[in-house]
Amino acid sequence: MTLQIAPTDGETAWFTEARLGLFIHWGLYALPARQEWVRNVEKVSNEDYEKYFKHFDPDLYDPGLWADAAVNAGMKYFVVTTKHHEGFCLWDSQLTDYKATNTPYGKDLLRPMVDAFRGRGLKTGFYHSLLDWHHPDYTVDDFHPMRDNPAAREANAQKDLARYVEYLHGQTRELLTEFGHVDILWYDFSYEGKGKEQWQSEKLIRMIRELQPHIILNDRLGIDQDVKTPEQFQPREWVKVNGQPVVWEACQTLSGAWGYHRDEESWKSVEQLLHMLVDGVSKGGNLLLNVGPTGRGEFDRRALDCLRGMGDWMKRHSRAIYGCTQAPEGYKTPQDCRYTYNPKTRRLYLHLFTWPYRHIHLDGMADVVEYAQLLNDASEVKLLRSIPEAAYGSMSEEREASTLTLELPVKKPDVTVPVIEIFLK
Ligand code: GLC
């Protein structure tokens, strides 16, 4: 399988149906609580980072609670950091001692998570860092915490990156053979000097496809695969490769960090998060929304509030998201709105980012709409094919005969993003 608009393989079509997933960034960095790049930002050596390994004990960890929060938010899959750049492994890898089972917590963190999420019907995704600031054969480069340390740079001469890459391939094999059916493999990331040649990406991809033929593989091995992954921004239009629209998924944080960052305060509002979700689906894309759990193993209150708010909305509006995509060509989106469209039910969804007073004009739609309602309560939205002068004073606007006008209540319905469900003829 290579990049395409929607996977045609029956085993992967679920991905573009699902539209919303949960990203989880969890590792030792939850303890410093200054985000997952803390080692890089503060240039922390292995020795100085060791204290977090020695004190890692997420005693309140209950992945069932995490999975419940994801399900209630309307999420259909999850992607968890099996290992982030720091090198620490959540599972009981046989290839390293740097893993959860050797911390005070003493247990595998990944397996119960997979069981809990899978048990609730979510698809399983593994994030895996190509970088590894802890592995002895991972050479010091400009992203490395020891980049400014001349002795560490010199020690590169004794390192053998190929040995690290063997470890990377071996750990990938573990992840793809010991946890049953894995739906997504999400690598991160490639750069100058550490890319597809160094990672031996082609060989790695052959192994991945052999072990889990149905897996959805992202684009960060330096070779485009099944999904493009714009990060921390919403693309202007359907993401294209060589001019062709492809499967894509935006990953976004709830606040300004991926890993738990106690003092970071730029949390997005539920309205912003929903706008991002809708905006993505209106351009044919998914949203992977990230939570960074705490060192005690919980989603913090701010994250839970975001997820709860999204769930409130999803409960009544998910059919404007699941299985939906960009509206057919020629449907002109009214100002401050987004369209999503379900090609199977042929219903069109008009998401209102601001509440108008009190008409919405749909150009060119006079002959194609059969019925319309507010999605939150199935209350009728009147279709006006002309605006009678008597009803609105003596003034009437010039309008095209092909324009359809929707008449809305004066008051915005009590939902974060109102949606009008439009039944096409
Ligand atoms: C960036 C961040 C990394 C995070 C990833 C998720 O690469 O640096 O920490 O895991 O985005 O896409």
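Each ligand, and each atom within it, is numbered from 1 in the order the structure gives. What's counted below: heavy atoms across the whole structure, side chains too, no hydrogens, waters or symmetry copies.
- Proximity to C251 (heavy-atom distance under 4.0 Å) selects the following atoms of ligand 1: 12 (O).
- For W258 and W26, the distance between ring centers is not under 6.0 angstrom.
- For ligand 1, the atoms lying closer than 4.0 Å to a non-hydrogen atom of Y127 are 10 (O).
- Shown are H317, H351, K283; of these, the side chain to side chain contact (heavy atoms under 4.5 Å, CB included) with V278 is made only by H351.
- Distance from atom 9 (O) of ligand 1 to its nearest protein heavy atom, with residue and atom name: E36 OE2, 2.7 Å.
- Within the 6.0 Å centre-distance limit, the rings of W14 and Y77 are counted as a close aromatic pair.
- Note on E86 versus R39: no salt bridge recorded, every NZ/NE/NH1/NH2 to OD/OE distance being 4.0 Å or above.
- Between F88 and F56, the ring centre distance stays below 6.0 Å.
- Ligand 1 has R220 within reach: a non-hydrogen atom of the residue lies less than 4.0 Å from it.
- In this structure, H84 is part of the shell of residues with a heavy atom less than 4.0 angstrom from ligand 1.
- In this structure, Y331 and Y339 have perpendicular ring planes: the angle between them is above 60°, well past the 30° mark.
- Nearest protein heavy-atom contact of atom 10 (O) of ligand 1 is H25 NE2, 2.6 Å.
- The nearest protein atom to atom 11 (O) of ligand 1, hydrogens excluded, is given as E231 OE2, 2.7 Å; this is a heavy-atom distance.
- Remark: side-chain polar atoms of K99 are paired, donor with acceptor, to backbone N or O of S93 under 3.5 angstrom.
- Ligand 1 has no nitrogen or oxygen under 3.5 angstrom from a nitrogen or oxygen of W186.
- What sits closest to atom 8 (O) of ligand 1 on the protein, heavy atoms only, is W37 NE1, 2.7 Å.
- In this structure, atom 7 (O) of ligand 1 lies nearest to the protein heavy atom D188 OD2, 3.3 Å.
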